[in-house]
Amino acid sequence: MLNRKKFTLVILAAAGFFLLTALVAPLIGSTKIDMLRVWHGESPDHEIFFYARLPRVILAALTGGALALAGVIFQALLRDALATPFTLGVQSGSALGAVLAICSGWQTIGIFPATWPAAFIGAAITIAIVISIATQSRRMSSFTLLLTGVAINAMAMAAILFLHYSAGFAQSFAIVRWLMGGIESRDYMTLTALAVGICISFSIAMKKSNQLNLLSVGEEWAATRGVNLASLMLMAYLLGSFLTASVTAFTGPIGFIGLLIPHALRLQLGADHRTLIPASFLVGGGFLILCDTVARTAMAPAEIPVGVITALIGGPFFIWLLHSRRGGLWM
Amino acid sequence: MNLFTLSDLRFRFDSVEVLRGFDLQLQAGEMTAIIGPNGAGKSTLMSILSGYLEGYEGGCSFLNVELREWKKQSLGQHIAFIPQLVRLEFPFTAEQVVLMGRTPHCRGLFESPEDLKAIRCAMEISNTVEFAHREFSSLSGGERQRVVLASALAQEAQVLLLDEPTTFLDLKNQLYTYSLLRNLAHSGMSVIAVTHDLNLAAQHADRLIVLAEGVIAADGHPNDVLKTDILADIFQINAKICKGPAERSWVFYEPAKPHQLDNYLLDKIKPQ
């Protein structure tokens with residue numbers, strides 16, 4: 001049962017963690033900045049704050065939130081505790097698009113750096129292929145989705161390996177760098193568009209949170225309790241894929257968040273998606289801000305790929321959580 | 001009042017025809033038990049009646065509207081279904097599982113006072129209040145079955161479909177559950193249960209349907225259906241039928257005879 005008081009407390013705690021990281025992270029960096037100088041628009045503090053750190057923090061928040069939310073959605077859809085935003089092939093479709101753009105030598109497509117639209121188009125084509133195959137059978141099932149996604153994943157990864165193998169030295173370096181993933185500053189217009197898309201996806205997921213509870217138990221269970229199974233599964237797949245594709249296009253693949261955050265929160269809060277979805281969104285965002293701050297400051301001026309930090313910080317924390325709950329039956 | 005009307009109902013899984021065409025009408029206020037050997041099509045029939053399996057041929061209407069035409073939410077308010085087995089991947093509590101039965105009635109994010117009342121009542125009637133806050137996965141098979149029953153009761157539907165609802169229950173709870181189902185039926189609900197326990201069905205059901213090889217082999221009052229020749233034909237068992245409580249049939253089974261066992265295979269699995 002969802003207790004209003006408990007729900008409010010959980011959301012306040014998650015929002016508190018998110019706000020704390022979001023407010024403190026822009027103040028930390030290899031160069032010290034004075035907030036008074038930032039406020040009065042004095043160089044270089046104003047530029048460092050508004051054009052280097054703040055957009056990066058916003059992108060980290062959106063990416064972390066989107067990947068954690070996509071993880072929750074895919075785990076419910078596939079009823080698989082190990083499902084991640086990358087299980088159904090969207091990430092490899094994105095990566096194939098970006099790698100093709102790098103190998104073709106394109107610098108820009110329209111007004112954007114070539115890898116962004118290429119990664120997004122790659123993901124969109126993957127989604128279309130998976131849906132067209134998965135819906136050909138008598139009914140769309142998680143199992144068909146999973147197998148189709150895994151097959152597409154394998155094919156895209158093989159194509160990436162081939163392109164990487166036949167690429168020149170500079171292209172090969174660019175490919176490896178993109179595949180490592182990372183948060184970089186983006187312009188505010190792009191961030192606003194991304195934020196709008198992610199917030200709309202979040203509100204749809206919240207609206208369907210009751211039905212996701214049922215879907216995470218089973219398809220027959222959901223279908224006989226008032227859920228239109230085909231439309232819910234399609235919505236969940238599209239939502240999770242859109243969230244993954246939209247952030248992966250800008251950041252490359254960042255692993256572990258989609259697995260770690262939902263599980264860590266399930267251990268503490270239980271499996272009710274009405275709490276899990278908003279908590280994962282906020283904590284995922286805060287966690288990636290934290291990891292990105294460590295990534296850009298730990299070995300400054302050099303940067304560590306943020307995916308390395310998410311696993312290095314998140315892994316031990318997750319094991320500690322599991323250890324502290326070892327009396328429980330789940331996991 | 002006719003709730004379900006089935007006409008020449010057929011269903012196939014790939015090349016295997018599981019239901020091979022039969023007519024059937026199911027009434028309100030009646031407790032119906034469906035029996036039959038493994039693979040007879042009982043669970044498939046329940047899945048069709050629940051609205052889950054839609055790829056059937058022939059007609060299957062509920063309240064004179066074809067099941068496929070019903071909106072899922074509306075159907076969920078009318079028909080509750082308990083599957084054979086419920087396994088949870090994630091740590092839901094027993095109470096949260098019961099609450100899921102209210103989804104067809106829910107309008108917002110939080111439960112309404114009506115939802116809370118229905119959940120409390122369903123948990124009390126199924127004796128599950130004591131483990132409301134325990135993880136569903138930590139419960140025994142019988143306790144889980146009672147929680148799933150509570151979830152279906154919380155749905156407050158007109159029809160209750162149950163696929164082997166007492167498999168994991170101890171004797172006391174088996175008897176309690178069947179008495180509860182009969183009382184629900186006699187208070188106006190329609191209860192349709194698949195079972196392998198012929199005596200539980202004989203003692204509690206108003207109507208017994210025997211399904212064999214995808215068609216209805218017998219249909220009527222348990223006393224008229226449970227006959228030695230029918231049991232021998234359909235289940236390939238030797239049984240004696242006597243009168244039990246309330247003059248209802250009681251089946252005594254004979255153990256399988258040695259010639260029915262394959263001695264060659266038994267030798268193979270003997271400890272060396």
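Bear in mind the structure is a predicted one, so any value in this text is a computation, not a measurement.
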Could you tell me whether a side-chain N or O of [X] sits under 3.5 Å from a main-chain N or O of [Y], the two making a donor and an acceptor?
X      : Y      : answer
A:R79  : B:E89  : no
B:Q25  : B:L3   : no
A:R225 : B:F81  : yes
B:E95  : B:H133 : no
A:S280 : A:I261 : no

Side-chain donor/acceptor pairs under 3.5 Å, residues 34-41 of chain B, sequence neighbours excluded:
none

State whether B:Y56 and B:R10 meet the cation-pi test: NZ (Lys) or CZ (Arg) under 6.0 Å from the six-membered ring centroid, and within 45° of the perpendicular axis.
-> no
Quick one: is the NZ or CZ of A:R274 closer than 6.0 Å to the six-membered ring centre of A:F7, and within 45° of its axis?
-> no
Contacts of A:F17 that satisfy side-chain contact (heavy atoms from CB on, under 4.5 Å) - sequence neighbours left out = A:T21, A:V283
Side chains of B:L6 and B:L49: closer than 4.5 Å at any heavy-atom pair?
-> yes
Residues 205-214 of chain A: residues contacting chain B (heavy atom under 4.5 Å, by number) =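 The stretch touches chain B at A:M206, A:S209, A:N210, A:N213, A:L214.
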Enumerate by number any residue of residues 61-79 of chain B whose heavy atoms lie under 4.5 Å from heavy atoms of chain A; in the absence of such residues, state 'none'.
-> B:K72, B:Q73, B:G76, B:I79
Identify which part of B:V98 has an atom lying under 4.5 Å from any heavy atom of chain A, answering side chain, backbone, both or neither.
-> neither
